[in-house]
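Residue numbers start from 1 in every chain, and the chains themselves are labelled A, B, ... in the order their sequence lines are given, proteins ahead of strands.
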Protein chains: 2
Amino acid sequence: MKGTIVAQLTEEQRQLIEKIGIFHEQQGFPPATGRIMGLLFVSDKPGLSFEEILETLNISKSATSNALNMLLQMRVIEYTTFPGDRKRYFSVLLDNWHQEVINKMESILGFSKLLRQANELRGNVNPEMNEKVLERIEFMEFLSKEVPALMQKWLKERQK
Amino acid sequence: MKGTIVAQLTEEQRQLIEKIGIFHEQQGFPPATGRIMGLLFVSDKPGLSFEEILETLNISKSATSNALNMLLQMRVIEYTTFPGDRKRYFSVLLDNWHQEVINKMESILGFSKLLRQANELRGNVNPEMNEKVLERIEFMEFLSKEVPALMQKWLKERQK
DNA sequence: AATTTGGTTCTTAAAATTATGAACCAACGA
DNA sequence: TCGTTGGTTCATAATTTTAAGAACCAAATT
């Protein structure tokens, strides 16, 4: 069977998809990739097929393929399959945000290490700067310790 | 007086500048702009002039001008002037990271609002998804409340 | 008044990113 | 075994980003 599936989007859905897309672009995702995230968040289906994504967003096969593989590799989406159906049904990976938070904190910690190195390299020529940079470093270290802890606490609270 | 100022960089400095530059690129800064941040962090001078920046990084006048203005507008650098000297001396703005943290939290809160809208738009077709997305939303809201509070607490502690 | 300094702005080029369309391919079904 | 489905990959095009270089300009200096 051929042709269009296109469960056409309402204007409201379309706009929300764009906004979610833009947010993802700001986080460094390519536009089409961000839009796919938007679509997956907005869609009420449990999973969207390759074809559905491509048709509702009007993007090419290759763009769809590349974007989906990128999102899979980043572990922000997943897919389900069904016996006797070759299609994959993609959806947002909703169990992964803990790890995302932890990763973000690690990146911040990484930057704090660079700043520490900068402080050492500069020596004590400008003590005021050293002190201010150190404050920043220590706050970053503090954050990257406290935020995961906060998250664990929050999760414990919540699962009760 | 003409010609090169170039307080040449050591290999170690050069490498650290690149690393700090790459970190900034990952945050969405253009390469040259990220490198300027690197240089300003690594330099032991209290401020670097337009000319010094351009010469030590080997970038063009226009690139330097645009990058500096971008960084000024983003409020991540500042400059000092001295009477009888037309030059501006640029340095990292070290008193602004509180605001940066707050801004980041606001952006997260903004995204949580989009997800809330998505949840509403989807209705109750997929309650498990709604619940998981809601968990994420609530954690984001929690974070964007707690992190600034944590920061305030930390600052109070520290200024004693 | 002419020149130098400390930039800014404009035009253009180079490079990188993003997406297209066509060709391709393996698995499955008829 | 032939066509269809569900993609992937490749070559290329379009767009965007980034930087260069030259022209420009106002303020200060000679």
Reckon [X] has a side-chain N or O less than 4.0 Å from the OP1 or OP2 of [N]?
| X | N | answer |
| --- | --- | --- |
| B:N66 | D:dA19 | no |
| B:R88 | C:dT8 | yes |
| A:S62 | D:dT8 | no |
| A:K87 | D:dG6 | yes |

What's the [atom1]-[atom2] distance between [X] and [N], to the nearest Å?
| X | N | atom1 | atom2 | value |
| --- | --- | --- | --- | --- |
| A:N69 | D:dG6 | CG | P | 17 Å |
| B:D85 | C:dG7 | CG | C1' | 13 Å |
| A:M70 | C:dA19 | CE | C1' | 13 Å |
| B:I36 | D:dA19 | CD1 | C1' | 12 Å |
| B:L54 | C:dT8 | CG | C1' | 13 Å |
| A:E52 | D:dG6 | CD | C1' | 13 Å |
| B:E51 | C:dT8 | CD | C1' | 16 Å |
| A:F82 | C:dC28 | CZ | C1' | 19 Å |

I want to verify a distance call: between [options], whose nearest atom is closest to the [X] side chain?
| X | options | answer |
| --- | --- | --- |
| A:K61 | C:dA19, C:dT8, D:dT8 | D:dT8 |
| B:P31 | D:dT8, D:dT18, C:dC10 | D:dT18 |
| A:S60 | C:dT8, C:dT20, D:dG7 | C:dT20 |
| B:I59 | C:dA19, D:dA20, D:dA19 | D:dA20 |

State, to 0.1 Å, how close A:R122 and B:V42 come at their nearest heavy-atom pair, and which atoms those are.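 Heavy-atom minimum between the residues: CG-O, 3.0 Å.
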
Hey, are A:R116 and A:E141 close enough for a salt bridge, meaning a charged N less than 4.0 Å from a carboxylate O?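 A salt bridge links A:R116 with A:E141.
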
Counting the atoms with a prime plus P, OP1 and OP2 as sugar-phosphate, which does B:A32 contact under 4.0 Å by heavy atoms, base, sugar-phosphate, or nothing?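 If one applies the 4.0 Å heavy-atom cut-off, B:A32 turns out to touch the sugar-phosphate alone, with no base involved.
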
Would you call B:L48 and B:Y89 a side-chain contact if the rule is heavy atoms closer than 4.5 Å?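 No; the side chains remain at least 4.5 Å from each other.
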
Count the heavy atoms of every other residue, nucleotide or ligand shown that sit under 6.0 Å from OH of B:Y79, and state whether that count exceeds 12.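 12 or below, so no.
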
Please answer whether the main-chain N or O of A:S49 pairs with a side-chain N or O of A:E52 as donor and acceptor at a distance below 3.5 Å.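 Yes; judged by distance alone, with no hydrogens or angles, the pair exists.
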
